[in-house]
Amino acid sequence: MSEVIKVGMLGIVGVLLAIQFKSVKTEYSMYIGLGIGILVFGYVLRQVDAVINQIEFIRKYLGDAQSYLSILLKVIGITYICEFSAGICKDAGFHSIADQIEILGKLSVMFAGLPILFAVIRQIQEVL
């Protein structure tokens, strides 16, 4: 919980600092926002180790369904990367590029999830 507070405070301080520079040098506020975003993203990546340990624990219980877990992780990665990239583009004023990144993310999630859909369809066909 204290880590969340630290990251939240870092974000607030970064935004306040960027607001101060926005009226003087607009590009500095963008650089500050980008730097704070990268710091927060770096912190998130350090937390991934704990998540991976928990996933390995879950993987032992899945047996043959381990491929579904890898699909889930792939989808989570796609959404984080696209959200982060689109946020940076929006902050820089490039909303159309951000929208295209979001569309790419949605399509990538859909394609990554197709094997699960096919497995569900196979299960339904076996029942019928």
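No hydrogens, no waters, no symmetry mates; every other heavy atom, side chains included, goes into these values.
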Are [Y] and [X] connected in a single hydrophobic cluster, I mean Ile/Leu/Val/Met/Phe/Trp/Tyr linked by side-chain heavy atoms less than 4.5 Å apart?
| X | Y | answer |
| --- | --- | --- |
| Leu10 | Ile88 | no |
| Leu69 | Phe118 | no |
| Ile103 | Met110 | yes |
| Leu17 | Leu34 | no |
| Val44 | Ile12 | no |

- request: Please name all residues satisfying salt bridge (charged side-chain N to carboxylate O under 4.0 Å, His left out) with Glu126, sequence neighbours left out, ordered by chain then number.
  value: none
Which residues share a salt bridge (charged side-chain N to carboxylate O under 4.0 Å, His left out) with Lys106, sequence neighbours left out: none
Indicate the atoms forming the closest heavy-atom contact of [X] with [Y], along with that distance.
| X | Y | result |
| --- | --- | --- |
| Ile97 | Cys89 | CG2-SG, 3.8 Å |
| Gly37 | Phe84 | O-CE1, 3.3 Å |
| Ala112 | Ile78 | CB-CD1, 4.4 Å |
| Ala86 | Ala98 | O-CB, 3.4 Å |

message: By the definition side chain to side chain contact (heavy atoms under 4.5 Å, CB included), identify the one residue from Ile76, Ile71, Thr79, Leu104 that meets it with Val109.
response: Thr79
Check the surroundings of atom [atom1] in [X]: do more than 12 heavy atoms from other residues, nucleotides or ligands lie under 6.0 Å from it?
| X | atom1 | answer |
| --- | --- | --- |
| Tyr43 | OH | yes |
| Tyr31 | OH | no |
| Gln47 | CD | yes |

Supply the atom-to-atom distance [X] [atom1] to [Y] [atom2], rounded to the nearest 0.5 angstrom.
| X | Y | atom1 | atom2 | value |
| --- | --- | --- | --- | --- |
| Leu72 | Ile116 | CG | CD1 | 7.5 Å |
| Ile32 | Asp91 | CD1 | CG | 12.5 Å |
| Cys82 | Tyr80 | SG | OH | 13.0 Å |
| Ile101 | Ser108 | CD1 | OG | 11.5 Å |
| Glu102 | His95 | CD | NE2 | 11.0 Å |

- prompt: Do the side chains of Leu117 and Leu114 get nearer than 4.5 Å, heavy atoms only?
  reply: yes
